Number of protein chains: 2
Amino acid sequence: MLTPAIILIRPQLGENIGAAARVMANFGLRDLRLVAPRDGWPNGRAEPLSAGAFDGHVEVTVHATTAEAAGDLNYVIAATARPREVWKPVFAPRDALIELRKQIASDRRVGVLYGTEKAGLSNEDVGLADAIVTYPVNTNFSSLNLAQSVAVFAYEWAAGVDVALPEGFDAETPDPAVKSDLDGLMVYLEDELDAAGFFWPPLKAEQMKRNLRGTFARAGLTTQEVSTLRGAMKAIAEGPRRRAREAKAKADDAARRDATTKGASDT
Amino acid sequence: MLTPAIILIRPQLGENIGAAARVMANFGLRDLRLVAPRDGWPNGRAEPLSAGAFDGHVEVTVHATTAEAAGDLNYVIAATARPREVWKPVFAPRDALIELRKQIASDRRVGVLYGTEKAGLSNEDVGLADAIVTYPVNTNFSSLNLAQSVAVFAYEWAAGVDVALPEGFDAETPDPAVKSDLDGLMVYLEDELDAAGFFWPPLKAEQMKRNLRGTFARAGLTTQEVSTLRGAMKAIAEGPRRRAREAKAKADDAARRDATTKGASDT
């Protein structure tokens, strides 16, 4: 599939070029075009931030002018936060991507222009574009980092492509427990709580049980979770109970010995 | 309006903290929480990339643990690209923001967890979360820069702010418990289960605890429910324990009488 070209015009910092390439690769963009990069190309400062994006993920071409870089494209959008004197359609990023995908669906080549870190796009560069994309920024703190601007665009590209979840994520939720399993858990819990005198006063017992059932019903427990919770409740209840039985056995034993001793001393 | 907190867990590079703060300010996020930043805080390497975001745009707080950082939050989403053994709802960024805005509309405090640059989030940290947000990344090049991940999230926040929620959506659901209350419940439960020998074999104890925490985190318990469950657990554990104490007292008593009798018969 064709993907939008990212065109960075006179980028100043190699770090931004590297970071832009990385996030392009993250979101499946491959075509990076540099117009007159300040420090030339290649640039040693780009490599570390690219995280390997230049190794077969993103292809970089270098151009002398914006017109040259955009020469083979059918439709170009300029990323700018400032209004311009020439009217053009203005898109939010999401709508820009919808428009670009329409163009791509018709086999047109598309791209986005980003200006320099300091000054953004010149009026001349904006003049080349078919439309403007502008980001929903805080008007009191509106200056986006260049690579962050590319990140948002690249993300919107990927978000709109029909993407599967990353490998290993199960789109389906695990099996929710059948209601009879959940009911078994609740009966067990209620019996334990009844025995412990938890439902008090008696007048409120039914309401308290309903609330408890509501809590567990809403939790969307899986079969495995119901089983774990039942085991956990049993452990809490049975641990002390076993110790109680042991203590009682000991007490009975002592009492028996007591009686025996007494019996012995009686004789 | 409440805004989501961005929680960076053990961030390694000051540059990423600065860049994250800048893009937060760009898109109107204000609450940045650092959990045990590797190089401490403040960090001179953060300032240049923040572009002034720390001057009244973004407030930074530093915390010792994730639990502490998320303590006052009602709903937390973990940003992770790796599937986990505990099932939780998985959102794309846009849907995550829709969910978070619903929560905020009900006056709930929300946040997003981001892990370290190298290893991402630990299973334990993911276990604290109510849900997972995962990005539509290229599976062959999936590692997003930390600040870029924050950028996408912050952008989605700003892109959706004007979106109205359906009438009456949020209205009547009760307050989810804050994370510190839930943590208190889990500590209590784990202590009881530890005492009962539930976590067996020891090698699996951590995993079992994470699963339990995952179950309860996902259940979306309210403050009232946390309190009820704690009471219920206590009742189950204390009922038999009280009886055990009584049995033991009786046993000791019998043993004492036994000893006295013996002593008497010895003389």
Side-chain angles (χ1 to χ4, degrees), chain A residues 19 22-23 25-28 51 53 57 92 94 136-138 141-145 148 151-152 155 158-159 163 165-169 173-174 192-193 195-198 211-212 215 218-219 221-222 225 228 232-233 235-237 239-241 243-244 247-248 250-251 254-255 257-258 261-262 265, chain B residues 19 22-23 25-28 51 53 57 81 83 87 90 92 94 134 136-139 141-145 148 151-152 155 158-159 192-193 195-198 211-212 215 218-221 225 228 231-233 235-237 239-241 243-244 247-248 250-251 254-255 257-258 261-262 264-265:
Chain A
R22 175 176 178 178
V23 80
N26 288 144
F27 291 121
H57 298 280
R94 193 158 310 165
V137 285
N138 176 355
F141 197 87
S142 62
S143 172
L144 275 168
N145 167 265
Q148 301 282 41
V152 165
Y155 156 71
V163 208
L165 286 171
E167 198 71 31
F169 271 111
T173 60
E192 286 296 337
L193 291 174
F198 179 73
N211 288 347
L212 261 184
T215 299
R218 219 186 59 235
L221 300 174
T222 65
E225 285 173 331
T228 300
M233 287 175 195
I236 295 181
R241 194 175 290 154
R243 288 194 290 279
K248 182 165 186 306
K250 202 176 146 196
R257 270 180 290 132
D258 190 19
T261 315
K262 262 197 208 152
S265 65
Chain B
R22 176 176 176 178
V23 79
N26 286 146
F27 291 121
H57 297 281
W87 183 83
V90 178
R94 193 158 310 164
T134 194
V137 285
N138 176 356
T139 48
F141 197 86
S142 62
S143 171
L144 274 168
N145 166 265
Q148 301 283 39
V152 166
Y155 156 70
E192 285 296 337
L193 290 174
F198 178 73
N211 287 346
L212 262 183
T215 300
R218 218 187 62 232
L221 300 173
E225 285 173 329
T228 300
M233 288 174 194
I236 297 181
R241 196 174 287 155
R243 289 193 292 279
K248 182 166 187 306
K250 203 177 144 193
R257 269 179 292 134
D258 190 20
T261 316
K262 264 196 205 152
S265 67

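Quick caveat, the model's predicted, so the values are computed rather than measured. By convention in this document, chain letters (A, B, ...) are assigned in the order of the sequence lines, proteins followed by strands, and residues within each chain are numbered from 1.
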So for A/Thr215, is it side chain, backbone, both, or neither that comes closer than 4.5 Å to the heavy atoms of chain B? both

Taking side chain as everything from C-beta outward and backbone as N, CA, C, O, which of these in A/Ala92 sits under 4.5 Å from a heavy atom of chain B? Side chain, backbone, both or neither. neither

If you count heavy-atom pairs under 4.5 Å between each of [options] and chain A, which one has the most?
{"options": "B/Leu144, B/Leu193, B/Leu212, B/Val23", "value": "B/Leu144"}
{"options": "B/Ala251, B/Gly231, B/Ala25", "value": "B/Ala25"}
{"options": "B/Ala255, B/Ser143, B/Ala51", "value": "B/Ser143"}
{"options": "B/Gln148, B/Lys250, B/Lys248", "value": "B/Gln148"}

So which atom in [X] and which in [Y] form the shortest heavy-atom distance, rounded to 0.1 Å?
{"X": "A/Asn138", "Y": "B/Gly28", "value": "CB-N, 4.3 Å"}
{"X": "B/Asn26", "Y": "A/Phe141", "value": "ND2-O, 2.9 Å"}
{"X": "A/Ala196", "Y": "B/Ala235", "value": "CB-O, 3.3 Å"}

Gap between atom OH of A/Tyr155 and atom CZ of A/Arg94 - 0.5 Å precision: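 Between A/Arg94 CZ and A/Tyr155 OH, I get 6.5 Å after rounding to 0.5 Å.
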
Proximity breakdown for B/Ala195 and chain A, heavy-atom pairs closer than 4.5 Å: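 The backbone, not the side chain.
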
Validation row: A/Val137, B/Phe27 side chains within 4.5 angstrom (heavy atoms): yes

